[in-house]
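Notes for the one structure printed next.
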Amino acid sequence: MYGFLKKFQTAVKDTVKIQETYEANPLGDSLKTVLSQKSGRSAFRDFLKLEFCEENLEFWLACREYRSFDSLEERTQIAASIYEEFIREGSPKQVNLDSYTRETIRQSLEEPGSSCFAVAERKIFTLMENCSFPRFTETEPYKLFINSLSKQRGLQKKRTAVRIKSPVEDFKVNPLLLVSKD
């Protein structure tokens with residue numbers, strides 16, 4: 001009890017300095033951030049081409065576009081096209097999906113709902129996020145993208161020293177009265 005009281009009195013009597021740091025990248029290292037910007041998508045696509053897996057991004061973007069269609073007729077045509085291009089075994093841009101997911105999508109093609117590709121889309125996003133994206137963050141195009149995005153949003157490193165006055169100085173409070181006798 002007395003050790004705590006002594007530390008409290010010392011802390012109250014002293015002026016405390018706190019240093020706040022605002023990092024240049026409060027955006028975080030996020031694939032969602034990269035994909036939300038045209039320049040980010042372009043840089044990531046170029047990187048995926050070098051890794052021979054740009055079909056993952058193309059599939060993900062096709063799925064996002066697919067969800068925007070309301071008409072069953074349009075969805076049916078586009079779903080069949082996505083299936084033929086990315087899902088079907090041996091398709092030209094086949095993405096890495098398990099057979100259960102492929103079969104589930106194939107069965108839903110007759111009357112595809114807006115979430116027909118949702119599971120596959122999540123799996124491919126996770127694949128990009130966990131495999132390709134960490135390597136992409138080490139590249140110069142990624143660093144340039146983050147720097148330009150930071151400048152666009154006015155985000156820069158700032159260091160601010162904040163001085164906090166003690167309650168004793170401001171209010172002339174006796175710190176001994178702040179501790180209960182229990």
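Here, residue 1 is the first one in the sequence, and each next residue gets the next number.
Contact detail for Tyr66 and Cys116: the closest heavy-atom pair is OH-CB, 3.7 Å. Nearest approach of Leu61 to Arg41, heavy atoms of both residues: CD2-CD, 3.8 Å. Scanning both residues, Leu109 and Ala80, for their nearest heavy atoms gives CD2-N, 4.3 Å.
For Gln107, the CD atom sits in a packed shell: over 12 heavy atoms of surrounding residues, nucleotides or ligands are nearer than 6.0 Å.
Scored by the salt bridge (Lys or Arg N to Asp or Glu O under 4.0 Å) test, Glu84 finds Arg88 as partners (sequence neighbours excluded). Applying the side chain to side chain donor-acceptor pair (under 3.5 Å) criterion to Glu55, with sequence neighbours excluded, gives no partner residue. Considering only residues two or more places apart in sequence or on other chains, Arg75 meets the side chain to side chain donor-acceptor pair (under 3.5 Å) condition with none of them.
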Go through the steps to decide whether Phe59 and Asn56 satisfy the test side chain to side chain contact (heavy atoms under 4.5 Å, CB included), and finish with yes or no. CA-CA 5 Å; Phe59 171 72; Asn56 290 331; 5.9 Å; no

Please report the C-alpha distance between Glu140 and Lys143 in whole Å, then the side-chain angles of each, then the deciding distance to 0.1 Å, and finally whether the salt bridge (Lys or Arg N to Asp or Glu O under 4.0 Å) criterion is met. CA-CA 5 Å; Glu140 194 61 29; Lys143 292 171 185 171; 5.1 Å; no

Walk me through whether Val34 and Thr137 qualify under side chain to side chain contact (heavy atoms under 4.5 Å, CB included). CA-CA 10 Å; Val34 170; Thr137 61; over 6 Å; no

Show me the side-chain donor-acceptor pairs of residues 92-101 shorter than 3.5 Å, one per line, residues at least two apart or across chains.
{"unit_1": "Lys93", "atom_1": "NZ", "unit_2": "Glu58", "atom_2": "OE1", "d": "2.7"}
{"unit_1": "Lys93", "atom_1": "NZ", "unit_2": "Glu85", "atom_2": "OE2", "d": "3.4"}
{"unit_1": "Gln94", "atom_1": "OE1", "unit_2": "Gly90", "atom_2": "N", "d": "2.8"}
{"unit_1": "Asp98", "atom_1": "OD1", "unit_2": "Thr101", "atom_2": "OG1", "d": "2.9"}
{"unit_1": "Asp98", "atom_1": "OD1", "unit_2": "Lys123", "atom_2": "NZ", "d": "2.6"}
{"unit_1": "Asp98", "atom_1": "OD2", "unit_2": "Tyr100", "atom_2": "N", "d": "3.2"}
{"unit_1": "Asp98", "atom_1": "OD2", "unit_2": "Thr101", "atom_2": "N", "d": "2.9"}
{"unit_1": "Asp98", "atom_1": "OD2", "unit_2": "Thr101", "atom_2": "OG1", "d": "3.0"}
{"unit_1": "Thr101", "atom_1": "OG1", "unit_2": "Lys123", "atom_2": "NZ", "d": "2.8"}

Distance-only donor-acceptor hits, side chain of residues 124-133, under 3.5 Å, sequence neighbours excluded:
{"unit_1": "Thr126", "atom_1": "OG1", "unit_2": "Arg122", "atom_2": "O", "d": "2.9"}
{"unit_1": "Asn130", "atom_1": "ND2", "unit_2": "Thr126", "atom_2": "O", "d": "3.3"}

Got a list of side-chain donor-acceptor pairs under 3.5 Å for residues 42-54, not counting sequence neighbours?
{"unit_1": "Glu51", "atom_1": "OE1", "unit_2": "Arg135", "atom_2": "NE", "d": "3.4"}
{"unit_1": "Glu51", "atom_1": "OE1", "unit_2": "Arg135", "atom_2": "NH2", "d": "2.7"}
{"unit_1": "Glu51", "atom_1": "OE2", "unit_2": "Arg135", "atom_2": "NE", "d": "2.8"}

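With rounding to the nearest 0.5 Å, the separation of CD1 in Ile87 from SG in Cys63 is 6.5 Å. The structure places OG1 of Thr104 at 12.0 Å from CZ of Phe117, a figure rounded to the nearest 0.5 Å.
For the pair Ser81 (side chain) and Gln77 (backbone), a donor-acceptor distance under 3.5 Å is absent. With hydrogens and angles ignored, the 3.5 Å screen pairs no side-chain donor or acceptor of Ser115 with any backbone N or O of Ala118.
Side-chain atoms of Pro112 and Ile105, non-hydrogen and from C-beta on, never get closer than 4.5 Å to each other. Side chains of Leu35 and Trp60 form a contact here, defined as non-hydrogen atoms less than 4.5 Å apart.
Under the 4.5 Å side-chain heavy-atom criterion for grouping Ile, Leu, Val, Met, Phe, Trp and Tyr, Val119 is not connected to Phe86 through any hydrophobic cluster.
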